[in-house]
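Here's the structure, in structure tokens; my notes come after.
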Amino acid sequence: MDILKNSISQLKNLYIKKEISPVEVLNQIINEISQRDKEIHSFLYLNEKVVAEAKSAEKRYIEGNYRKLEGIPIAVKDNICTIEQPTTCASKILQNYIPPYDATVIRNLKENGAIIIGKTNMDEFAFGSSTENSFFGPTKNPFDTSYVPGGSSGGSAAAVAANLTFGALGSDTGGSIRQPACFCGVVGLKPGYGRVSRYGLVAFGSSLDQIGPITKDVKDSAIILQIISGQDKMDSTCLDIGVLDYEKEIEKEIIPSKYKIGIPKEYFIGGMDKQIKDRAESIIKQLEKQGFILEEISLPHTEYGIAAYYIIATAEASTNLARFDGIRYGYRTKNYSNVQELYFNTRQEGFGFEVKRRIILGTFVLSSGYYDAYYIKAQKVRSLIKNDFQKAFEKVDIILTPTTPELPFKLGEKTSDPLKMYLSDIFTVNVNLAGLPAINIPVGFSRENLPIGVQLITKSFTEEKILQMAYYIENNIK
Ligand code: GLN
């Protein structure tokens, strides 16, 4: 068990020193998953070939030609395509789907020796904040299984928190990496838009989605980010902007007196959990004491973010989900006598409730007559939100906020009230609308022993900045 508590960088050192072998680790982890994941339900699928892959990793350590993630088990959210392993998006409509190709991020991980240990649970098509929208049943928070792990990457966050994997990939359209990382007390990084290839990620909101790492510490986040980043000819939105050695970057010294941290007043609102507010404020005070320049800033259009997000994200989702029609892949109804019925019944039977709600909403805001009133308006708001951040970054290096306004909630607590569920993302969605990089780092626990996190946000293509600061906080803040 103890071996499984190590971070990626620690495990790698143990491998190099031959104190433990990849085969032993993989055997232990499979054992743990088969026992403890019955309750947590973070995995939907376990890779049957892991032990064979661990054997070849072992050989490489013996021969001394090991790669960056040689023999390191990594779990992957089930909306990222993996050859020979199912990719279901936690939906009935893709229940038996096995992609014929690997996503670019998976190829990158494999080329660096990682072992894709399995696929993790999520809200169906990444629509949700609690992982309760999974067709296969919810994931539970490892800190207390009566609570949700957050979502939509709840399976990945729970698996990392429960030491059932050493790291994981999630996807974040409006907070789905950072919010579950926050609820599970782990590190979750959403790269800036265009940093990581989306090729092979089942699209939700194409202008918002990014894949990113969920890990036990900041160093592991830096290691994985470097491996999955970089231009990809399969995704024209993934740009050719130099990828740094983030593991080295985090070690660079920060000079507090030259460092400005912005605290947006709109992120410290009435109604937010007092323990979260107190914890964020105590971190701010400590940073100030250590010499950082803290400045109150304003992001005046913050309050319109949720409304704009749920128009843009559902509009994009409704078009992206048009491809699931029972013809090309996935589930097909048995109940049809003509092609119209085939489409209709396949989608009626194959999609869950929240998916249908979003398709209806998205189709509505794109329909002629409503397009200008909703979709165009939301795009204008999006520009205003982007401008708010741009202006702020003329003054400060980094922005610090709570990641969520509330502590993890109980299973079932919000399932009957979608609007309440949507508000979980109030501190995360604007970052996606603006395309910026942001990270959640765990900063302690509530009285009920539930994790608390803070979020750091920075300018596009400067992921090293949030990683450096996150690393500083991890090591210097009590
Ligand atoms: N919870 C948000 C939603 O339901 C964000 C989801 C995500 O980031 N994938 O849309």
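One-based numbering, in listed order, for ligands and for the atoms of each. Sequential numbering from 1 along the given sequence is applied to the chain's residues.
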- Task: Quick one: sort the Tyr199 and Tyr101 rings into parallel, tilted or perpendicular, breaks at 30° and 60°.
- Result: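 Tilted.
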- Message: Which label fits Tyr329 and Tyr97: parallel for a plane angle under 30°, tilted from 30 to 60°, or perpendicular past 60°?
- Response: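 If you compare the ring of Tyr329 with that of Tyr97, the planes turn out tilted.
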- Between Gln85 and Glu48, a side-chain donor and acceptor under 3.5 Å: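 Checked: Gln85/Glu48 side chains show no N/O donor-acceptor pair below 3.5 Å.
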- Measuring from each atom of ligand 1, which residues have a heavy atom under 4.0 Å away?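 For ligand 1, the residues that come within the 4.0 Å heavy-atom cutoff are Ala126, Phe127, Gly128, Ser129, Ser152, Asp172, Thr173, Gly174, Gly175, Ser176, Phe204, Tyr309, Tyr310, Arg358, Asp425.
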- Query: What residues, two or more places apart in sequence or in another chain, satisfy ring pair (Phe, Tyr, Trp, His ring centres under 6.0 Å) together with Tyr246?
  - Reply: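 For Tyr246, no residue satisfies ring pair (Phe, Tyr, Trp, His ring centres under 6.0 Å) once neighbours in sequence are set aside.
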- Task: Output yes when a side-chain donor or acceptor of Thr428 lies under 3.5 Å from a complementary backbone atom of Gly174, and no otherwise.
- Result: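 Side chain of Thr428 to backbone of Gly174, a donor-acceptor pair under 3.5 Å: yes, one is there.
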- Item | Any donor-acceptor pair under 3.5 Å from Asp123 side chain to Ala126 backbone |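 Looks like no, no N/O pair under 3.5 Å.
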